[in-house]
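Please read the structure below before turning to the comments.
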Number of protein chains: 2
Amino acid sequence: MKRQKRTTIYDIAQKLSLAASSVSRALSDSNKINAETKALVLKTAAEMNYQQNAMASNLRKGNNPTIGVVVPRINQYFFSNVIAGLEEVTFKQGYNLVICQSNELHAREVEGVNALVNQNVSCIVISIAAEKGSFDHLQQVLDRNIQLIQFDRVVEELETFKVLNNNKQGAYEAVVHLIEQGYRRIALLEGPQELHIFRERKEGYIAALQEYGFPILSELMYANAWTKELGAQATTQLLDLPNPPDAIFASTSDFAALGVLEVANNKGIPTPEALGICGYSNEPFTEITSPSITTIDQFSVEMGRKIGNLHFREMENFSPEGKTKTLNVRPKLIVRNSTLRKLQ
Amino acid sequence: MKRQKRTTIYDIAQKLSLAASSVSRALSDSNKINAETKALVLKTAAEMNYQQNAMASNLRKGNNPTIGVVVPRINQYFFSNVIAGLEEVTFKQGYNLVICQSNELHAREVEGVNALVNQNVSCIVISIAAEKGSFDHLQQVLDRNIQLIQFDRVVEELETFKVLNNNKQGAYEAVVHLIEQGYRRIALLEGPQELHIFRERKEGYIAALQEYGFPILSELMYANAWTKELGAQATTQLLDLPNPPDAIFASTSDFAALGVLEVANNKGIPTPEALGICGYSNEPFTEITSPSITTIDQFSVEMGRKIGNLHFREMENFSPEGKTKTLNVRPKLIVRNSTLRKLQ
DNA sequence: ATATTTTAGGCAATCGATTGCATTTATCAA
DNA sequence: TTGATAAATGCAATCGATTGCCTAAAATAT
């Protein structure tokens, strides 16, 4: 295994009888170098197959042009799309993206964040795990003057940049739509209330009902139904009520909505006629179920781009006062057949 | 913006009146250090909020415990799952994962690979872009003695580790299944033949037909149908043939199969009775279409884990002769309603 | 009590690129 | 022709951690 050493600027310098500093200047396109020399260095570097050692450069410059990302799961539609959008922006800027997944576990989240701090990344982008714990690890990021951008699931009390969906708004619009379609007993599938996104969605649900003068009935609010199976289970119980709902808003996810739909289909309850169903996230599959599922689009790729742009814009004119800036992405209701009783 | 300097080993050394080397030894758990001293250093480091500077360490040690990944699209089901599986393994080993997407463009792939080489990562994991070009960039990786693991879509002529699905096998099994279900004119939707995975699937299709004595009919093989739209278009044309197929194997993707299904549904052609449909990849949605779609599972998360394990195993007992090792992941046919005419 | 081995810790070079400052060379003005 | 200025290049320190080599002290053997 012949380990051919990498070419360094010293190798180039020696070959050209120059100082390493000149080579460095030529490569970094400094203006303190003669045009001819620069051309010569560039040519020689290419010939010698030179590739800069990023670690040396970063060490000396004291910064690492890298953005670290920590998400619960990489292979979840929403997150993988955010990452895709973010990567688009970071790549254009010549930045790298380092990715960790927390698997919804707090301990892994902490480990991931620390690893990124060690790398001295210039920014950490995070959506916190469902399993909440202390947020010392995030405070540390701030103390070290590493930019912190939280998105979607955030620690509210921490003063950082935040990029959020307006969850209350999304839920509100969904429920208003259900009411306008003539549904009168609208049930809610809730997510874990430790996460503010689920609290906000619940608020939106309540706000809409109140605005239209509907009662808020606790028997129609079902806690912790955020998978397909739990959604199905919740549906079975809700439909067994003496006075069952005529619509179910699965505010947790489209997967929960899918569980609802399956139960309805199995029981022969026609959707949308006898039961309206609305999900959250606009997963690709919602378009192709029968009937297709009404849901809320979160513009995930766009959200990723927004995060990236936020970082690079702040880098330039970093404003100490702006540390807490919050960007809101307005979600959009996607009306499909599972709630469409009336012609629009 | 007060920029409080990071604590370094020198700070700790000074505080304890020790040499930096001793601090380093204590932190790296060397055996050349007294147990008490070690404990003291560890305690002080924690108090002073010390975090190692990974760049300095990596520079000195000449390696970067990082695996770089280049895939066409991060947010594609198959790839995001492979990455998730890979991350699982790399994280356990304390390795980082750096991710780039090529967007199917050769130029971006080259840029991404070069960025990773600059970072001096210890391994590059790649699935090449559909837009093929020279593979000098990959040759360079090898020349620099960085491990290269190709997966799924590979440059065959390059001697590297490869982790593959047995595409021929998968396609073969699918077509045999169709034949056993009584389908007699089985059409094939092909992907770009520059990519070997699509060539192999075609081979599997042909092999199955031949084995059962069926003719290979070029009019039933439709090139480049690898999106939903192209799949639908292909189906329309195939069904307009004087002697149309009674089954369509969308070897390119489940999305193409979905396009087939939609056309069939629109035309009122019953599936699976009059038209059998089989996709490829086992996308989540194939389970919930009506009818559900028969497809081939690629064990993507498992594939990611295999890639990671391959790297770490080879690191230990690196065997020069083993440079070309190929791991095959055997795909599995998932039979669903879109091809099920007979009771099993 | 002396010689030998272990153990703990210090010194200083090193990884490769960058950069402030010093120096040389070229250019121009007087 | 000489002095002043600008341009190009060299020198050497630096970023922070690691590690080979060396020395002093402690532990063990003779």
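Proteins get letters first, then strands, A, B, ... in listed order; numbering begins at 1 in each.
In plain terms, the two heavy atoms of B/S127 and B/D152 that are nearest each other are OG-CB, 3.8 Å.
Scanning atom types as modelled, one donor and one acceptor separated by under 3.5 angstrom connect the side chain of A/S21 and the base of D/dC11.
Overall, the helix from C/dA1-D/dT30 to C/dA30-D/dT1 carries an axis bend of 40° between its ends, with five pairs at each end and the value rounded to 10°.
Listed pair A/S22 / D/dG10 meets the phosphate criterion, a side-chain N or O lying under 4.0 Å from OP1 or OP2. The phosphate of D/dT9 (OP1 or OP2) has a side-chain N or O of A/T37 nearer than 4.0 angstrom. Taking 4.0 angstrom as the limit, B/S57 places a side-chain polar atom (N or O) nearer than this to OP1 or OP2 of D/dT18.
Of the listed nucleotides (D/dA17, D/dT9, C/dG9), C/dG9 has the atom at the smallest distance from the side chain of B/K32. Nearest nucleotide to the A/N34 side chain, out of D/dA17, D/dA8, C/dA17: D/dA8. Candidate nucleotides D/dG16, D/dC21, D/dG10 were compared by shortest atom distance to the side chain of B/R60, and D/dG16 ranks first. Side-chain proximity of A/R25 to D/dA17, C/dG20, C/dG9: nearest is C/dG20. Relative to the side chain of A/I33, the nucleotides D/dA17, C/dA17, D/dT9 differ in distance, and D/dT9 lies closest. When distances are taken from the side chain of A/K61 to each of C/dA17, D/dT18, C/dT19, the shortest belongs to C/dT19. When distances are taken from the side chain of A/Y10 to each of C/dG9, C/dT19, C/dG16, the shortest belongs to C/dG16.
In this structure A/E87 satisfies the salt bridge (charged side-chain N to carboxylate O under 4.0 Å, His left out) test together with B/R108, sequence neighbours excluded.
Counting to the nearest Å, the C1' atom of C/dT18 and the CG atom of A/D29 are 15 Å from each other. Atom CG of A/N63 and atom C1' of C/dA17 are 13 Å apart (whole Å). In this entry the distance linking CG of A/N53 with P of C/dT18 reads 10 Å, nearest Å. Distance, B/Q119 CD to C/dC15 P: 21 Å, rounded to whole Å. Between the CG atom of B/N118 and the P atom of C/dC15 there is a distance of 19 Å, given to the nearest Å. Taking atom CG of A/N64 as the reference point, atom P of D/dC15 lies 18 Å away to the nearest angstrom. B/M55 places its CE atom 13 Å from the P atom of C/dT18, with the value rounded to the nearest Å. Distance A/N58 CG to C/dT18 P: 9 Å, rounded to the nearest Å.
With hydrogens and angles disregarded, no donor-acceptor distance shorter than 3.5 Å links the side chain of B/E156 to the backbone of B/H196.
For the residue pair A/D136 / A/Q140, no side-chain donor-acceptor distance below 3.5 Å is found, with atom types taken as modelled. Side-chain atoms of B/N64 and B/N120 form no donor-acceptor pair, as typed in the model, at a separation below 3.5 Å. A/N31 and A/R25 share no donor-acceptor pair across their side chains, judged by distance under 3.5 Å alone.
Residues A/F312 and A/Y95 place their aromatic rings such that the two centres sit under 6.0 Å apart.
Note on B/L27: nothing from the nucleic acid sits closer than 4.0 angstrom, heavy atoms only. Residue A/T7 is classed as having no contact, given no heavy-atom separation below 4.0 Å to the nucleic acid.
A heavy-atom distance below 4.5 Å is not found between the side chains of B/N328 and B/N165.
Nearest-nucleotide positions on DNA chain C for B/L59 and B/N31 put B/N31 closer to the 5' end.
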